[in-house]
Amino acid sequence: MASIRDVAKHAGVSVATVSRVLNDKGYVSVETRKKVEAAIADLNYRPNEVARSLFNKQSNTLGLILPDIMNPFFPELARAIEDTASKLGYTVILCNSDEDEEKAQRYIDVLLQKYVDGIIISSNTIQEKTIRELTIPVVCIDREISKDIPTIVVDNKEGARMATRFLKEKGRRKIAHIRGPLEIINAEERCEGYREVVSGEEWFQESYIVNGHYRMDTATEATLELFRRHPEIEGIFAANDTMAIGAMKAAYEHGLKVPEDISIIGFDGIALAKASIPELTTIEQPLYELGQKAAKMLIKLIKGQDVKKTFYQFDVQLIERDST
Ligand code: RIB
């Protein structure tokens with residue numbers, strides 16, 4: 001395989017000149033540029049990307065660290081980020097952290113070794129200190145780590161209020177909540193939104209809140225247990241669509257009809273919510289906009305461009321379907 005030295009020799013110029021042409025940096029006359037480009041074509045030379053990164057100290061690559069790529073929310077988010085980055089000339093390295101801080105740290109180390117230019121992170125385990133020590137820009141998405149770090153989130157609490165109020169407007173009382181993991185900030189915010197709406201109700205009990213851990217299987221188990229302890233439940237607000245689908249499965253297994261016997265509403269607006277039977281009513285996050293904003297903000301930070309706002313909280317919207 002031809003090296004940069006072969007190209008320089010073939011074109012009759014120095015290696016530094018070839019490098020300036022390759023990296024489009026510094027002055028090169030039109031005639032010299034033509035000679036180098038002809039030599040590159042003749043020798044079918046392909047620059048060594050790692051060497052290029054070392055020279056430029058940039059790779060036009062972004063890192064993306066997500067907590068659970070099995071949860072349909074994250075692939076949809078990754079799609080938006082990758083589309084936007086690609087249009088702006090960047091490739092994306094996707095990392096799955098499993099909400100494990102050590103695994104996330106290992107990925108951060110690998111991304112730094114690969115000279116990524118910036119990282120987008122959705123995590124509740126990576127510490128603010130870890131991010132502040134990095135020498136490249138970071139944008140947090142979906143889960144806030146610190147107000148001092150550029151962050152893109154949605155109004156989780158208001159979305160939860162909207163979901164719970166909607167069940168009440170549908171005439172449902174005795175409304176339960178399948179919450180996400182205790183350590184995840186947006187799960188806490190959604191639970192708080194639910195509490196604000198039900199806390200004044202004489203029917204509300206603390207045991208109406210069960211933990212589904214943002215997963216379908218654990219949400220099904222938690223909902224079955226809920227039905228056993230509280231057969232009076234008429235409505236469920238699940239903190240994400242994956243758990244709402246798990247709750248619908250539990251209703252089916254328990255012989256309850258949705259929505260005739262019980263209304264169920266989710267949160268996220270993943271595509272799968274339209275595939276369930278009945279189709280799931282949900283609080284839709286502007287998923288594509290979230291990913292697009294995060295990628296654009298990160299690339300502006302990488303380029304040292306002025307970023308006026310670094311904290312965005314997007315509104316969510318209620319999408320009514322058949323499950324309520
Ligand atoms: O479904 C997974 C959940 O985790 C989503 O609600 C999203 O907000 C992420 O934080």
Side-chain angles (χ1 to χ4, degrees), residues 64-81 94-101 104 120-126 139-146 149 151-164 177-194 209-220 222-223 236-249 264-276 280-294 311-319:
L64 173 58
I65 300 180
L66 296 175
D68 176 9
I69 54 174
M70 284 301 285
N71 183 314
F73 172 87
F74 292 107
E76 291 193 35
L77 192 63
R79 169 86 260 176
I81 291 168
L94 172 63
C95 309
N96 177 52
S97 69
D98 284 331
E99 280 297 3
D100 175 313
E101 184 172 7
I120 295 174
I121 295 176
S122 172
S123 170
N124 257 81
T125 52
I126 299 176
V139 170
C140 288
I141 189 165
D142 173 63
R143 303 177 182 186
E144 182 185 323
I145 292 179
S146 152
I149 297 171
T151 297
I152 316 279
V153 289
V154 299
D155 191 342
N156 292 291
K157 203 181 280 189
E158 179 53 23
R161 292 188 201 103
M162 289 159 65
T164 313
H177 177 49
I178 307 175
R179 65 157 297 143
L182 295 171
E183 69 281 359
I184 296 183
I185 184 166
N186 61 29
E188 198 48 46
E189 290 168 345
R190 292 171 200 173
C191 190
E192 283 165 20
Y194 160 80
I209 298 174
V210 293
N211 194 334
H213 301 285
Y214 272 165
R215 291 162 43 130
M216 183 165 63
D217 53 348
T218 41
T220 300
T223 308
I236 291 177
F237 161 44
N240 76 0
D241 289 345
T242 302
M243 297 195 296
I245 291 165
M248 287 208 279
K249 185 166 182 288
I264 297 177
I265 185 168
F267 197 112
D268 280 344
I270 59 174
L272 210 58
K274 288 192 287 245
S276 60
L280 181 64
T281 296
T282 186
I283 299 297
E284 185 180 73
Q285 297 199 48
L287 263 163
Y288 202 87
E289 284 173 85
L290 290 170
Q292 202 170 44
K293 175 62 80 177
F311 182 83
Y312 285 85
Q313 184 182 64
F314 281 80
D315 292 335
V316 289
Q317 66 169 348
L318 188 142
I319 306 292

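Remember, it's 1-based here, ligands and their atoms both numbered in the order they're listed.
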### Message
Whether Glu183 and Arg143 form a salt bridge (side-chain N of Lys/Arg under 4.0 Å from carboxylate O of Asp/Glu) is what I want to check.
### Response
no
### Query
So does Glu192 pair up with Lys157, basic N to acidic O under 4.0 Å?
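Answer for the salt bridge query: yes.
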### CE/Met216: more than 12 non-hydrogen atoms of other groups inside 6.0 Å
no
### Query
Does the pair Asn156 and Phe267 meet the rule for a side-chain contact (heavy atoms from CB on, under 4.5 Å), with working shown?
CA-CA 9 Å; Asn156 292 291; Phe267 197 112; 3.9 Å; yes
What are the polar N/O contacts of ligand 1 with the protein below 3.5 Å, with distances?
unit_1: ligand 1; atom_1: 1 (O); unit_2: Asn71; atom_2: OD1; d: 3.4
unit_1: ligand 1; atom_1: 1 (O); unit_2: Asn71; atom_2: ND2; d: 2.9
unit_1: ligand 1; atom_1: 1 (O); unit_2: Asn240; atom_2: ND2; d: 2.7
unit_1: ligand 1; atom_1: 1 (O); unit_2: Asp268; atom_2: OD2; d: 2.9
unit_1: ligand 1; atom_1: 4 (O); unit_2: Arg143; atom_2: NH2; d: 2.8
unit_1: ligand 1; atom_1: 6 (O); unit_2: Arg190; atom_2: NH1; d: 2.6
unit_1: ligand 1; atom_1: 6 (O); unit_2: Arg190; atom_2: NH2; d: 3.4
unit_1: ligand 1; atom_1: 6 (O); unit_2: Asp268; atom_2: OD1; d: 2.6
unit_1: ligand 1; atom_1: 6 (O); unit_2: Asp268; atom_2: OD2; d: 3.2
unit_1: ligand 1; atom_1: 8 (O); unit_2: Asp142; atom_2: OD1; d: 2.7
unit_1: ligand 1; atom_1: 8 (O); unit_2: Asn186; atom_2: ND2; d: 3.2
unit_1: ligand 1; atom_1: 8 (O); unit_2: Arg190; atom_2: NH2; d: 2.8
unit_1: ligand 1; atom_1: 8 (O); unit_2: Gln285; atom_2: NE2; d: 3.2
unit_1: ligand 1; atom_1: 10 (O); unit_2: Asp142; atom_2: OD1; d: 3.1
unit_1: ligand 1; atom_1: 10 (O); unit_2: Asp142; atom_2: OD2; d: 2.4
unit_1: ligand 1; atom_1: 10 (O); unit_2: Arg143; atom_2: NE; d: 2.8
unit_1: ligand 1; atom_1: 10 (O); unit_2: Arg143; atom_2: NH2; d: 3.0
unit_1: ligand 1; atom_1: 10 (O); unit_2: Asn186; atom_2: ND2; d: 2.7

### Query
Which atom names give the shortest non-hydrogen contact between Asn96 and Ile69, and what distance separates them?
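Distance-wise, the nearest heavy atoms are OD1-N, 3.1 Å.
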### Task
Look only at the side chain of Ser97 and the backbone of Ala104, and say whether a donor-acceptor pair between them is shorter than 3.5 Å.
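Not confirmed, Ser97 side chain does not pair with Ala104 backbone.
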